[in-house]
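Here is the naming used below: chain letters follow the sequence lines, and residue numbers restart at 1 for every chain.
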Amino acid sequence: MDKYDPAKIEAKWQQIWKEQDSFRVPNPAEPGKTDPSRKSYVLEMLPYPSGTLHMGHVKNYSMGDVIARFRARNGFTVFHPMGYDAFGLPAENAAIKTGAHPAELTRINTGNINQQLHRLGVSIDWSREISTCDAEYYKWTQYFFLKFFERGIAYRKEAPVNWCPSCATVLANEQVIQGECERCGATVEPRSLTQWFFRITGYAERLLADINLLDSWPERVITMQRNWIGRSEGAEVVFRVAGLDIDIPVFTTRPDTLFGATFFLLAPEHELVETLVDGTEYENPVRDYVTAARLKPAADRAAAGRGKTGEFTGRFAINPVNGESIPIYVSDYVLMEYGTGAIMAVPAHDQRDFEFARKFGIEVRVVVSGDGAGAGDGPAMAAAFTEDGVMVNSGRFDGMPNRDAGRAITEWLGVEHLGRAAVSYRLRDWLISRQRYWGAPIPVIYCDRCGAVPVPEADLPVLLPEVGDYAPKGKSPIAANEEFVNTTCPSCGGPGRRETDTMDTFVDSSWYFLRYTDPHNDLAPFDKAVAGYWMPVDQYIGGVEHAILHLMYARFFTKVLFDMKLVNFREPFRNLFTQGMIYYKGAKMSKSKGNVVNPDEHVERYGADTLRLYVLFMGPPELDVEWQDQGIEGAFRFLGRVWRLVGEIIEKTEAGESGAAAMAPVAGPVVSGEAVGLMRKTHQTITRVTADIGERFHFNTAISAVMELVNQAYLIKDGLFSSEDGRLALRFTAETIVQLLDPFCPHISAELWERLGHEELWQHPWPQADAVYLEEETYELVVQVNGKVRDRLQMAAAASKDELVAAARASGKAGRYTEGKQVIKEIVVPGRLVNIVVK
RNA sequence: GCGGGUGUGGCGGAAUGGUAGACGCGCCAGCCUUAGGAGCUGGUAGGGUUAUCCCUGUGGAGGUUCAAGUCCUCUCGCCCGCACCA
């Protein structure tokens, strides 16, 4: 046979798949009445077209394709679409540098990626391709904004926000990592701006509770989401400012420590700070403190271990449980965004409050005692006591276990109308406005008379206008386009000005999986029945870096759409698989580090099949792995071995001696026992590969199982060609190898399958293992003495327990260790081992 | 600090509580070849003996069990997430 030439056969099959539109899946004519039980929606996170695909994408799409092709061949109608997350800063920044239009750059990049995906041979239904920067798509993103606005989920408020000076835009909390911009790493600055938000906090409880509806998500992703939502149970307690008619509520998770509150704190941003100090001698120092705190970068302010600072306001708060007056301070360790922006401080039982109290000489009063006796040791404490104990110094609650007291105090507060049980979340509302160009314009018009007025649905899309200069100047470049900005108010017809901010690109990607189901619908974002047929996504695959951002937003979006009755499911992604990253030279691949492995070069050199095979063979798909330059050589060698093996079998056997015949048990005289052995190995391999792909996603072990089979075939093939049974077994083995390899390496498999005399491998049913061949006649019995292996014996599969014991006892090798000893017992595991326990 | 994950040859990694190191890379040897950075075959955890066999070994220390990489307790290292969240 000719030499293995991946470039030639890959081009050939990609052309055939393209011409035949092989992976196209039409929507059912009557989706509501069509049985969706055999559909499988396989989805990989859509790529951001910043340039070309990198190795992480190759892994992602290779995995998705293995699952898609495997399921297709197992009788599922596989829905496997693709698109581009095309709005975003990289294209815009490149545009600023080169002067090209971001749309043009995006068009070029998506074209490149489309070509790369074709060259990988991924089984995508390209008729459903979408790009989030197309007006036909973002029209519906804007539509959802309007619907969210109608429901009060989209709203505008002035708030302290995160400003990235490098990206020149505000960021959502999720996009700030340790005080730095998630995208560019610049230190974010606090600013107070009026911005658009999505009220995701209203869904905090459901985002948490509905985790139970997910079938299979990685534990760490679930944990990260739980942590991010950060639900805390406690109480809201109202403190009154002495001498003023002002009530300030605080949130606490420790209502049991209320009697230990010896001071009170406000966040610098708290709206009442000014009221409390206005016109008093404390006015100036407090104002100075507040100003300094507002300017401090969030990262500095949050730095743990930094000494506590604060400023006394001259005011006192009255503790509702005992009527005590406690001093009110302003301190920057109190966060305006969490709880109510004010806290009661209990230094004896909170380390932060303790540090503040020590610095400012405030009383530390123990109200929960560890040993039940040691009350009043506050002045001697070296640190706060944060464990559970028994109540002291707390009036009628003394002597109670503190957790019980917490509940009792909360209840009492409720009765007295001084507080109530409350739940607080760490999750904040999603800030979606961006002061940048390359995004979907927020469809709102401002009118002096009517305020913020939504653009009427009929006027969508609000097209992104042309601008002369993309460089951000603290506000969106769109603001410079007077023609765009100046319009009429849809409500009163008077002069209006358009909103010039665009939406966070995470809004675009929060619903793209729905658009795939009905991508050309121009009357609605999607048809409910059609979406209901394909959704939810049965298997979602992507990087763990989206564990919070994208996955939380998409879950939120789906829940809002559920409430709007646009979808009939609560969770979009039933199963999630997060792949590990590929490292190179000990680090994450990145252009700045210069350690990037370019997929195109490897496709060129070895072919897509080899690259796909290697990225999945490298290790368990969920773990981070290190790219090894020589590793891919091994994958290429293996495919060469397969090519030559199958080629030789094609040449030396007849097509008539093929799979169908081999599916029946080997009948008649078995010329060579090895023919049966090969049939057994082949069927065992079917079992292993099927389980490894279908149930465990252990692609690396599935591949190694095929490698074993190939190795086995090589060892015994020469002895088998001479007999009829041998040729039959070899032909069947060759066909099986090709079929099992198909999800990983579809091109070489399709080619060899054709040469074996068949058609359309991607539609051919997945091979089934035949139990007749799985049963071994003999096996190796391990003989242990006191748990140590001493001998291995060939035993008949049917041997009884007694026979196994007898054989084990008769073993000379094992006998050396049992001689002269007393046999206490014998453990028999049929099919595996006998363990003789002696003393 | 809290939460999650992970630790096995020179390397990537296999092992429903039942033969530790499958498979691949690398390395060594043989065959084939005018040649080989091709192909085929064999070997390759460490230590001691080599006809063979023995001992030790899955980060460390205990424990459960006839039997532990696997289960339990403690502990150490690394990775990820959150972190002044009241």
Side-chain angles (χ1 to χ4, degrees), chain A residues 3 177-178 218-228 230-232 234 250-254 257 261 265 267 301-308 331-335 337-346 349-353 355-356 386 424-428 544-545 547-548 580-581 613-614 617-620 622-635 637-638 640-641 644 688 698 700-711 714-715 718 780-792 813 816 824-829 831-838:
Chain A
K3 251 184 88 184
I177 312 291
Q178 319 235 312
E219 198 52 47
R220 65 171 170 157
V221 174
I222 288 175
T223 305
M224 282 164 76
Q225 294 226 342
R226 282 213 177 96
N227 288 346
W228 191 261
R231 184 182 196 274
S232 299
V250 301
F251 174 76
T252 177
T253 55
R254 296 291 306 274
T257 64
L265 293 171
R301 200 170 140 175
R306 193 171 66 90
K308 296 285 174 288
S331 177
D332 65 5
Y333 79 86
V334 181
L335 308 175
E337 310 90 79
Y338 185 76
T340 63
I343 64 167
M344 65 167 196
V346 185
H349 304 293
D350 181 287
Q351 185 59 26
R352 296 154 301 177
D353 298 347
E355 286 163 22
F356 190 97
T386 53
S424 190
Y425 299 92
R426 209 187 70 97
L427 182 72
R428 318 245 207 283
V544 75
E545 65 272 19
I548 294 171
M581 281 191 295
L613 186 73
Y614 178 57
F617 181 65
M618 284 168 80
E622 70 277 16
L623 295 186
D624 295 342
V625 287
E626 170 96 9
W627 176 273
Q628 298 191 322
D629 290 312
Q630 283 151 332
I632 191 165
E633 300 260 4
R637 267 205 295 269
F638 169 68
R641 246 164 102 76
R644 289 186 299 275
R688 283 176 63 186
H698 283 200
N700 54 331
T701 54
I703 293 164
S704 75
V706 180
M707 287 173 167
E708 277 187 56
L709 179 59
V710 170
N711 291 344
Y714 259 92
L715 286 180
D718 290 341
E780 194 175 76
L781 178 77
V782 168
V783 181
Q784 296 182 334
V785 177
N786 287 348
K788 281 182 188 285
V789 180
R790 296 304 181 187
D791 200 4
R792 296 150 211 264
K813 285 180 185 172
R816 281 188 287 174
I824 297 168
K825 62 169 145 177
E826 283 142 337
I827 311 288
V828 186
V829 183
R832 287 219 180 252
L833 59 76
V834 172
N835 186 12
I836 303 171
V837 185
V838 298

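A:Arg426 comes within 4.0 angstrom of a base, heavy atoms only. As judged by a 4.0 angstrom heavy-atom cut-off over every strand, A:Glu780 is placed among the base-contacting residues. Using a 4.0 Å heavy-atom distance criterion, A:Asn786 is classed as making no nucleic acid contact. If you check every strand for non-hydrogen atoms under 4.0 Å, A:Val250 touches nothing. Counting non-hydrogen atoms under 4.0 angstrom, A:Pro218 reaches nothing in the nucleic acid. In this structure, A:Gly634 reaches the sugar-phosphate backbone alone: every heavy-atom distance under 4.0 Å involves primed, P, OP1 or OP2 atoms, never a base.
Here B:C25 is the nucleotide among B:G42, B:C25, B:G18 with the atom lying nearest to any side-chain atom of A:Gln630. Closest contact between the side chain of A:Gln628 and the listed nucleotides B:C84, B:C11, B:A14 involves B:C11. The nucleotide whose nearest atom lies closest to any side-chain atom of A:Phe617 is, among B:C23, B:G4, B:A20, B:C23. For A:Gln784, the listed nucleotide lying nearest its side chain is B:G18; candidates were B:G18, B:A20, B:U41. With distances taken from any side-chain atom of A:Thr252 to the nucleotides B:A86, B:G3, B:G81, the minimum falls on B:A86. Counting only heavy atoms from C-beta on, A:Arg816 has its side chain closest to B:C53 among B:C53, B:G4, B:U16. Comparing atom distances between the A:Ile343 side chain and each of B:C23, B:G81, B:A86 picks out B:A86 as nearest. Of the candidates B:G42, B:C23, B:G4, the closest approach to any side-chain atom of A:Leu715 belongs to B:G42. Nearest to the side-chain atoms of A:Val829 among the listed nucleotides B:G18, B:A15, B:A22 stands B:G18. When distances are taken from the side chain of A:Ile827 to each of B:C82, B:C66, B:G24, the shortest belongs to B:C66.
B:A45 and B:U41 have their C1' atoms separated by 23 Å, with the value rounded to a whole Å. Comparing the P positions of B:G81 and B:A68 gives an interatomic distance of 38 Å, to the nearest angstrom. Nucleotides B:G13 and B:G69, compared at atom C1', are 14 Å apart to the nearest Å. As rounded to the nearest Å, B:U6 and B:C71 have P atoms that lie 10 Å from one another. Separation of the C1' atoms belonging to B:G12 and B:C54 is 32 Å when rounded to the nearest angstrom. Nucleotides B:C72 and B:U64 are separated by 7 Å at their C1' atoms, to the nearest Å. Here the separation of B:A22 from B:G42, taken at their P atoms, is 14 Å to the nearest Å. Between B:U16 and B:A67, the two C1' atoms lie 15 Å apart (nearest whole Å).
Using a 4.0 Å cut-off, some side-chain N or O of A:Arg790 falls inside it from OP1 or OP2 of B:C55. At the phosphate of B:A86, OP1 or OP2 sits under 4.0 Å from a side-chain N or O atom of A:Ser232. When the side-chain nitrogen and oxygen atoms of A:Arg644 are compared with OP1 and OP2 of B:C40, one or more of them lie within a distance under 4.0 Å. Side-chain N/O atoms of A:Lys788 include one lying less than 4.0 angstrom from OP1 or OP2 on B:U56. At the phosphate of B:C25, OP1 or OP2 sits under 4.0 Å from a side-chain N or O atom of A:Arg637. Taking side-chain N and O atoms only, A:Arg641 has a distance below 4.0 Å to OP1 or OP2 of B:C40. For the OP1/OP2 pair of B:C40 and a distance below 4.0 Å, the side-chain nitrogens and oxygens of A:Tyr714 include at least one atom meeting the criterion. For A:Asn700 and B:A14, the shortest distance from a side-chain N or O to OP1 or OP2 is below 4.0 Å.
Glycosidic torsion of B:G36 falls outside 90° of 0, placing the base in anti.
The side-chain heavy atoms of A:Arg426 and A:Asn227, taken from C-beta on, include no pair separated by under 4.5 Å. Residues A:Asp350 and A:Thr386 fail the side-chain proximity criterion, which asks for heavy atoms closer than 4.5 Å.
Judged purely by atom type and a 3.5 angstrom limit, A:Gln784 has no side-chain atom pairing as donor or acceptor with the backbone of A:Arg790. Side-chain atoms of A:Asn835 never come within 3.5 Å of backbone atoms of A:Ile827 as a donor-acceptor pair (strictly under, hydrogens ignored). Judged by distance alone, the side chain of A:Asp791 and the main-chain N or O of A:Val783 form no donor-acceptor pair under 3.5 Å. No donor-acceptor distance shorter than 3.5 angstrom exists from the side chain of A:Tyr338 to the backbone of A:Arg428, with no hydrogens or angles considered.
A:Leu613 has its CG atom 11 Å from the C1' atom of B:C23, to the nearest Å. In this structure, A:Glu622 places its CD atom 11 Å from P of B:G13, rounding to the nearest Å. Atom pair A:Asp350:CG and B:C2:P shows a separation of 15 Å (rounding to whole Å applied). Atom CG in A:Asp629 sits roughly 13 Å away from atom C1' in B:C11 (whole-Å rounding). Nucleotide B:C66 holds its C1' atom 10 Å from the CG atom of A:Leu833, rounded to whole Å. B:A86 atom P lies 14 Å from atom CD of A:Glu337, rounded to whole Å. Between the C1' atom of B:A83 and the CE atom of A:Met224 lies a distance of 14 Å, rounded to the nearest Å. Residue A:Arg832 contributes atom CZ, which lies 13 Å from atom P of B:A15 at whole-angstrom precision.
One finds the CZ atom of A:Arg644 at 4.5 Å from the OH atom of A:Tyr714 (value rounded to the nearest 0.5 Å).
Taking the nucleotide of RNA chain B with the nearest heavy atom to each of A:Val789 and A:Glu219, the more 5' of the two is matched to A:Glu219. Of the two residues near RNA chain B, A:Arg688 and A:Arg220, the one whose nearest nucleotide lies more 5' is A:Arg220.
Aromatic ring orientation, A:Tyr614 versus A:Trp627: perpendicular (interplanar angle above 60°, classes split at 30° and 60°).
Shown here is A:Arg220, whose CZ atom has no more than 12 heavy atoms of other residues, nucleotides or ligands within 6.0 Å.
The nucleotide B:G3 finds its pairing partner in B:C80, both defining distances of the Watson-Crick or G-U wobble pair being shorter than 3.5 Å. Under the Watson-Crick or G-U wobble criterion, with both distances below 3.5 Å, B:U52 has no partner in any strand shown. Under the Watson-Crick or G-U wobble criterion, with both distances below 3.5 Å, B:U70 is left unpaired in every strand shown. Shown here, B:C27 forms a base pair with B:G43; the pair counts as Watson-Crick or G-U wobble because both key distances fall under 3.5 Å.
For the residue pair A:Ser704 and A:Phe617, the shortest heavy atom distance occurs at CB-CE1, 4.1 Å.
With hydrogens and angles ignored, a donor-acceptor pair closer than 3.5 Å exists between the side chain of A:Asn835 and the base of B:C66.
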